[in-house]
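Accompanying notes for the structure given below.
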Amino acid sequence: MKNKVSKILFDDMAFAGKRFYGLEVVIDPDKCVGCGVCAIECPSQIIDMVHTGNVQKTSACKRECLCENDVKYALFQLQQGMGEDTAFDTITKKNPFPAITGRICLHPCETGCSRTHLDEAVNLHDFERYIGDTAIEKQLAFSITDEKKNKKIAVIGAGPSGLSCAYFLVKNGYDVTIYEKEERPGGVLRYGIPRYRIPEDVLHAEIDRVLAAGIHVKTNVCVGKDEDLDNLAEMYDAVYLACGRQNQFKLRISGEEYAIPALDFLKQSHQDNFSGPQGSVVVVGGGNVALDAARTAKKSKASAVTVISLERMHEMPASLEEITAAKSEGITFLCAKGVDALEKQDGRLCVSLKKCVSLWDENGRFHPQYESSDEKLMADTVITAIGQCADLTWLPSDIVQKSDRLVPVDDEKQTHRAGIFAGGDFCAFQHAGTIAGNIADGRKAAAFIRKYLGEEIPADSEHTIEDTDSTEKYYEMIKRTNPVTKENVDNEAKRCLHCGNKKAVYRKKADLLYFNRACQNCKNCINVCQEQAITFEYSTV
């Protein structure tokens with residue numbers, strides 16, 4: 001009976017005048033990156049994941065990581081008993097601030113993790129935080145080359161990009177001095193991000209460890225006022241501009257002078273005498289800075305906090321985690337609305353609202369359109385957080401034009417003047433506005449400066465992982481651990497599939513491990529393969 005049914009099914013399968021009697025899954029080994037998603041998504045389990053030997057591909061977590069961390073290899077090192085110290089060395093080859101980014105990064109690495117197709121992503125965010133915290137506890141230091149180069153570099157700005165650039169230069173033997181206008185180094189890490197996100201002891205430990213690598217720091221020095229950039233260009237072999245975005249955009253409405261810019265508010269919140277706003281607070285903006293301001297106000301003395309955003313809830317640029325946390329703390333949201341005017345009334349602020357009906361024009365440019373509204377609300381404090389741009393007024397005209405909002409640079413981070421580089425949020429780059437992106441941009445700028453000074457920079461290579469796990473690991477569900485601690489870190493390391501060190505191979509009929517295992521022609525593997533490495537070959541008569 002079974003053979004009869006099968007024959008009927010085969011006879012009914014016609015395409016282009018031919019009858020199909022079978023198929024074979026063909027996987028291009030050159031395109032396959034070994035993510036294993038096809039094996040996970042195959043209901044018949046007829047795709048094997050086999051070791052590739054010395055041919056290693058970049059895993060999705062590393063590709064999606066803004067710092068390009070090889071966290072997969074760090075997990076493997078821990079799993080093999082090499083210890084947290086070794087994992088710390090691996091992570092800090094790309095990112096000298098793992099305890100900080102392990103707390104505040106948006107962790108796109110987890111979005112790319114292949115385990116999301118099986119159960120949940122490996123807890124890469126918490127793992128990085130665990131390694132960073134363990135390094136602080138053990139007071140681990142960075143390995144710095146003994147070879148000193150007779151080259152001096154000035155870095156302007158001690159934020160994440162400037163500190164990162166300085167670290168990777170000093171690590172490779174260069175003499176680096178940072179000029180910072182504030183009293184202490186750290187930039188947005190110290191003066192912008194709330195302490196509930198980065199605890200004071202973690203901030204100090206990671207910044208101090210970077211500076212201890214041999215970086216000279218001159219604080220309370222504002223370049224362009226206290227020190228001339230042209231003089232620095234004469235004194236140093238190269239200069240790196242990493243001043244961030246200090247100028248805050250204006251609403252351009254009547255009564256705006258009554259509002260507090262979010263960066264000013266957040267900076268005030270780090271002062272010892274900060275008491276916080278009382279009464280009701282309105283925060284205008286939909287990004288992470290707006291959420292930081294709103295949550296900081298709520299955690300102080302504000303009785304009520306409302307966030308007003310032009311975007312609808314699902315369009316807000318703030319991270320979902322921050323939005324969820326804000327809601328849980330009692331912060332309310334008014335979405336698809338803008339502020340039309342602020343007016344003082346009896347010692348309070350009347351906020352007039354307008355409805356935002358669209359955000360973009362026909363060319364995809366940000367160009368909000370509004371409809372009038374009679375809606376108003378009263379507030380004791382209004383905080384604005386609608387974006388920032390760089391302060392370029394102090395820069396020479398050969399580096400920027402009057403119309404520039406950010407420093408223009410070439411593909412190697414160099415400005416229009418030879419020897420002067422710029423990076424981080426001071427210029428435009430792919431991951432602007434993120435701490436991890438700024439760290440990575442500083443690291444890349446350091447490499448370009450080294451190249452400019454005549455050094456040959458070796459290309460990165462993928463670490464070889466020779467695990468012996470069978471394909472059955474791709475079907476085994478293992479509960480994600482939250483948070484990652486010394487007691488459970490081994491379990492999270494075990495969950496890593498070591499993507500990139502294997503390749504997908506079709507289990508042909510002669511190699512099937514179980515009775516009647518055969519391709520169902522569902523094409524799940526084709527649909528989930530981002531590399532387009534899989535095709536079907538049909539047999540016909």
Side-chain angles (χ1 to χ4, degrees), residues 97 99-100 103-104 136 157-160 162-163 178-208 211 217-222 225-226 243-251 255-285 287-308 322 325-326 329-331 342 344 346-349 351 378-386 388 391 425 435:
F97 302 102
I100 289 176
R103 285 172 163 82
I104 64 174
I136 293 174
L163 288 171
I178 295 179
Y179 291 81
E180 169 56 48
K181 71 175 184 177
E182 299 292 347
E183 183 179 357
R184 305 183 71 180
V188 69
L189 298 175
R190 185 179 299 279
Y191 296 106
I193 297 177
R195 289 290 78 90
Y196 65 81
R197 295 184 64 194
I198 307 177
E200 196 83 21
D201 57 340
V202 171
L203 177 74
H204 291 166
E206 294 222 301
I207 291 179
D208 289 349
L211 298 180
V217 182
K218 295 185 177 182
T219 56
N220 292 316
V221 178
C222 180
K225 178 182 177 183
D226 305 316
C243 307
R245 300 183 185 181
Q246 307 295 328
N247 288 355
Q248 300 174 83
F249 291 141
K250 301 289 187 180
L251 289 170
E256 183 163 15
E257 65 273 15
Y258 303 129
I260 303 171
L263 294 187
D264 293 349
F265 171 74
L266 290 171
K267 186 176 181 180
Q268 292 168 13
S269 73
H270 292 294
Q271 304 299 318
D272 292 336
N273 60 356
F274 177 72
S275 59
Q278 299 185 25
S280 61
V281 175
V282 166
V283 178
V284 184
N288 283 324
V289 173
L291 270 291
D292 281 348
R295 295 184 66 194
T296 297
K298 185 64 176 176
K299 290 175 183 292
S300 56
K301 295 183 178 180
S303 58
V305 178
T306 301
V307 173
I308 299 174
E322 286 296 299
E329 293 165 0
I331 295 171
L342 298 177
K344 273 204 169 181
D346 300 326
R348 303 187 76 200
L349 290 173
V351 184
M378 300 300 296
D380 296 288
T381 303
V382 174
I383 301 170
T384 57
I386 59 170
Q388 302 94 236
D391 177 10
D425 282 353
I435 299 302

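Worth saying up front: this structure is predicted, and the values here are computed from it rather than measured.
Between Pro160 and Gly186, the closest heavy-atom pair is CD-O, 4.0 Å. In terms of heavy-atom proximity, Ala302 sits nearest to Ala297 at CB-O, 3.2 Å. Among all heavy-atom pairs drawn from Ala290 and Gly285, the shortest one is CB-O, 3.4 Å. Minimum heavy-atom separation, Leu342 to Ala259: CD1-CB, 3.9 Å. Nearest approach of Ile136 to Ala99, heavy atoms of both residues: CD1-CB, 3.9 Å.
The shortest distance between side-chain heavy atoms of Tyr196 and Thr296 falls below 4.5 Å. Residues Gln248 and Asp264 have side chains in contact (heavy-atom distance under 4.5 Å, counting atoms from C-beta outward). Counting only heavy atoms from C-beta outward, the side chains of Glu183 and Asn220 approach each other to under 4.5 Å.
Among residues two or more places apart in sequence or in another chain, the side-chain hydrogen bond (donor to acceptor under 3.5 Å, both in side chains) test is passed with Glu329 by Arg295, Lys299. For Lys301, there are no side-chain hydrogen bond (donor to acceptor under 3.5 Å, both in side chains) partners two or more places apart in sequence or in a different chain. Checked against side-chain hydrogen bond (donor to acceptor under 3.5 Å, both in side chains), Lys250 has no partners two or more places apart in sequence or in another chain. Scanning for side chain to side chain contact (heavy atoms under 4.5 Å, CB included) contacts around Leu211 gives Leu163, Pro185, Ile207, Ile215, Val217, with sequence neighbours left out. When the ring-ring contact (aromatic ring centres under 6.0 Å, His included) test is applied to Phe265, the partners found at least two apart in sequence or on another chain are Phe274. Evaluation of the side chain to side chain contact (heavy atoms under 4.5 Å, CB included) rule for Leu291 yields Met316, Ala318, Glu322, Ala326, Phe333 as partners, not counting sequence neighbours.
Tyr258 places no side-chain N or O within 3.5 Å of a backbone atom of Arg348 that could act as its donor or acceptor partner. With hydrogens and angles ignored, the 3.5 Å screen pairs no side-chain donor or acceptor of Gln246 with any backbone N or O of Asp391. At least one donor-acceptor pair closer than 3.5 Å links the side chain of Arg195 to the backbone N or O of Ile193. Side chain of His204 to main chain of Pro199: no donor-acceptor pair is present (N/O by atom type, distance under 3.5 Å, no hydrogens or angles).
Distance check: Leu203 CG to Ile198 CD1 gives 6.0 Å after rounding to the nearest 0.5 Å. In this structure, CZ in Arg197 is found 5.5 Å from CD1 in Ile104, a value given to the nearest 0.5 Å. From Lys218, atom NZ reaches atom CG of Asp226 across 12.0 Å, with rounding to the nearest 0.5 Å. In this structure, CG in Asp201 is found 11.5 Å from CG in Asp208, a value given to the nearest 0.5 Å. Interatomic distance, CD of Gln268 versus CD1 of Ile260, reported as 6.0 Å (0.5 Å rounding). For the atom pair NE2 of His270 and OH of Tyr191, the computed distance is 9.5 Å after rounding to the nearest 0.5 Å.
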task = Show the numbers, then the answer: is there a side chain to side chain contact (heavy atoms under 4.5 Å, CB included) between Thr306 and Val283?
result = CA-CA 6 Å; Thr306 301; Val283 178; over 6 Å; no
Step-by-step side chain to side chain contact (heavy atoms under 4.5 Å, CB included) determination, Leu349 to Lys344 = CA-CA 5 Å; Leu349 290 173; Lys344 273 204 169 181; 3.7 Å; yes
task = Evaluate side chain to side chain contact (heavy atoms under 4.5 Å, CB included) for Leu266 paired with Val289, printing each intermediate quantity in order.
result = CA-CA 9 Å; Leu266 290 171; Val289 173; 4.2 Å; yes
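The residue from Thr381, Val281, Val282, Ile383 that alone fulfils the side-chain contact (heavy atoms from CB on, under 4.5 Å) condition with Val305 is Val281.
Crowding of Lys298 atom NZ: a count of heavy atoms from other residues, nucleotides or ligands under 6.0 Å exceeding 12.
We find that Arg190 and Glu180 are not joined by a salt bridge, their nearest charged nitrogen and carboxylate oxygen being 4.0 Å or further apart.
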